[in-house]
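Have a look at the structure below, then the notes.
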Protein chains: 2
Amino acid sequence: MNGRSAQRLAKLQEALASGGTLHLRDAAELCDVSEMTIRRDLTTQASAISLLGGRLVMANYPGVTPIYDLTEQQASHYQAKYRLCQRALAFIEEGDTLFIDCGSTLMPLLSQLSHFNELTVVTYALNVANAVAALPNVRLVLLGGLFYPASQSFGSDNMAAAIERLGINKALISAAGVDLERGVSCFHFHEVAPKQAAIATAMQRLLVVDASKFGVVRPAYFAALDNFDVVVTDGEGAHSSQYLGCGNAPLLS
Amino acid sequence: MNGRSAQRLAKLQEALASGGTLHLRDAAELCDVSEMTIRRDLTTQASAISLLGGRLVMANYPGVTPIYDLTEQQASHYQAKYRLCQRALAFIEEGDTLFIDCGSTLMPLLSQLSHFNELTVVTYALNVANAVAALPNVRLVLLGGLFYPASQSFGSDNMAAAIERLGINKALISAAGVDLERGVSCFHFHEVAPKQAAIATAMQRLLVVDASKFGVVRPAYFAALDNFDVVVTDGEGAHSSQYLGCGNAPLLS
DNA sequence: CACTAAATGTTATAATTTTAACATTAACGC
DNA sequence: GCGTTAATGTTAAAATTATAACATTTAGTG
């Protein structure tokens with residue numbers, strides 16, 4: 001609850017905004033106070049900066065942010081997501097132009113794309129774009145527009161048109177809900193247009209969802225289950241197998 | 001030079017790809033080796049992962065990446081960029097729709113935008129988008145397209161058209177070279193179209209360059225000096241003042 | 001001006017991370 | 001199988017970072 005403390009944090013935040021890290025020592029010097037004061041600023045006031053092993057980093061940057069480290073439980077939960085993406089990976093071939101949907105489901109897939117020599121990724125999600133931008137061998141096409149923080153993705157009127165102009169080979173679509181009767185749905189309405197456009201354009205349509213999404217309906221409906229050529233999922237229980245005969249979608253469980 | 005070491009790193013990289021940090025302890029457990037082995041992997045093999053205070057982070061994420069911490073020299077160099085942006089900030093008003101150019105020049109400006117209540121930022125640069133996405137009070141419009149790693153920005157055929165459809169208030173343009181006779185230039189040709197479109201559409205055009213760019217010519221010409229309403233620069237030496245009378249551009253030095 | 005309380009500095013101690021050295025195990029060629 | 005080398009594990013010491021306690025300064029108030 002201090003004006004000067006807030007000022008210091010603002011100064012540091014500005015210094016970090018361009019990216020990079022700042023050693024506690026340098027931060028203290030920059031603000032002309034002791035290291036202890038910077039420490040206290042950080043613990044007292046809530047800020048976007050976090051201290052990671054003596055270095056200040058912007059907490060709201062992906063890759064640092066979730067200060068709640070992946071503990072063992074989360075690591076095992078990650079394993080599930082990872083396995084799901086491994087299955088999806090089996091459908092990807094050299095030279096593909098992939099549409100990658102927003103959300104966190106498909107994130108583990110992205111780093112694996114570095115094993116290919118030539119690939120193009122089309123996406124409308126900022127987190128996906130950041131991960132793909134780091135891959136030297138993958139061309140990235142980001143469909144821009146107005147940013148929606150909730151889903152870390154972009155929306156615009158002519159997104160559908162932009163997608164249709166691209167030669168998308170395979171569309172990897174994620175969902176928040178999958179129901180036999182009510183179809184496939186997500187949370188945000190602005191995701192509907194790009195998802196539908198990708199489904200309409202792509203030569204092969206893959207729905208990638210973990211088993212926990214089955215039987216769930218979310219506000220924004222965007223496709224019927226038989227709009228997909230493949231459903232990639234994880235569980236092998238009764239839940240997933242009941243979808244086996246439905247539509248023309250072969251199920252990989 | 002070890003296959004198993006590389007495999008471990010790949011595994012860890014995949015675990016980190018979705019963002020977040022992994023404690024050395026957890027990483028060791030995940031790979032079923034000792035912490036020391038992970039340490040050795042990291043130092044032996046070049047990888048995108050770096051160790052920051054006992055935690056593994058993706059080095060190629062902005063905000064962590066430049067492991068070369070801002071030392072005192074860099075901090076002072078930052079001060080110069082910061083002051084330049086402070087001057088540019090003076091031209092920004094509540095409710096503005098700003099076009100923010102790519103490059104690192106305008107990065108220190110972005111965090112300062114959090115002091116406004118309502119602002120819209122239009123950009124075609126990924127680093128700018130990431131910084132703005134973190135600001136809750138600033139609407140972000142990202143102009144997408146094919147990603148150019150060299151400038152961390154996007155290019156597309158209809159970028160000019162997309163820019164012209166927006167009601168851009170003020171265009172903040174950066175440059176790699178400014179010359180009285182040869183005009184204003186940058187490195188990459190795909191930047192020319194968005195820059196020119198922003199200059200054409202915006203109500204107010206600001207060129208933001210530090211004094212070191214004066215007298216320099218770069219491959220891609222994109223504007224004459226008198227296309228700008230304001231030139232924001234830092235030095236107050238003879239170099240910058242010689243531009244004072246030129247065109248209709250009032251100089252803020 | 002003296003008094004109070006908040007803010008900051010200093011120091012010592014505890015916890016953690018890093019480094020180095022050496023022990024052990026696994027892999028490979030002969 | 002034996003010997004050699006690389007890979008990994010273990011341990012102790014050094015360096016760094018975090019925490020806590022107390023000292024000092026600063027700002028505000030009557």
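Throughout, a chain's letter reflects where its sequence line sits, starting with A, and its residues are numbered from 1.
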- Item | Residues that N169(B) engages under side chain to side chain contact (heavy atoms under 4.5 Å, CB included), provided they are two or more places apart | D96(B), T97(B), M203(B)

- Message: Which residues pass the side chain to side chain contact (heavy atoms under 4.5 Å, CB included) test with S212(B), not counting sequence neighbours?
- Response: D210(B)

- Selection from dT8(C), dT17(D), dG9(D) that lies nearest to any side-chain heavy atom of T37(B): dG9(D)

- Message: I want to verify a distance call: between dG9(C), dT10(D), dT17(D), whose nearest atom is closest to the H23(A) side chain?
- Response: dT17(D)

- Task: Return each pair, listed once, that meets salt bridge (Lys or Arg N to Asp or Glu O under 4.0 Å) where at least one residue sits in residues 111-132 of chain B; pairs must be two or more places apart or across chains.
- Result: none

- Contacts satisfying salt bridge (Lys or Arg N to Asp or Glu O under 4.0 Å) that involve residues 97-108 of chain B (not counting sequence neighbours) are D101(B)-K195(B)

- Query: In whole angstroms, how far is the C1' atom of dT17(D) from the CG atom of D26(A)?
  - Reply: 15 Å

- Whole-Å distance separating the CG atom of L22(A) from the P atom of dT17(D): 13 Å

- Message: Using five pairs at each end of the helix from dC1(C)-dG30(D) to dC30(C)-dG1(D) to define an axis, what is the angle between those two axes, to 10°?
- Response: 30°

Report all side-chain donor-acceptor pairs from residues 132-140 of chain B shorter than 3.5 Å, counting only partners two or more places apart or in another chain.
residue, atom, partner, partner atom, Å
N137(B), ND2, L113(B), O, 3.4
N137(B), ND2, S114(B), O, 3.2
N137(B), ND2, F116(B), O, 2.3
R139(B), NE, T120(B), OG1, 3.4

For nucleotides 18-23 of chain C, print each protein N/O atom paired with a nucleotide N/O atom at under 3.5 Å, atom names and distance only.
residue, atom, partner, partner atom, Å
dT18(C), OP2, R39(B), NH1, 2.9
dT18(C), OP2, R39(B), NH2, 2.8
dT18(C), O5', R39(B), NH1, 3.3

- Task: Walk me through it: do R55(B) and L24(B) pass the test side chain to side chain contact (heavy atoms under 4.5 Å, CB included)?
- Result: CA-CA 5 Å; R55(B) 266 153 286 245; L24(B) 192 59; over 6 Å; no

- Message: Once salt bridge (charged side-chain N to carboxylate O under 4.0 Å, His left out) is applied, do any residues pair with E35(A), and if so which ones, sequence neighbours excluded?
- Response: none

- Query: Taking only residues two or more places apart in sequence or in another chain, which ones pass ring pair (Phe, Tyr, Trp, His ring centres under 6.0 Å) with H188(B)?
  - Reply: H190(B)

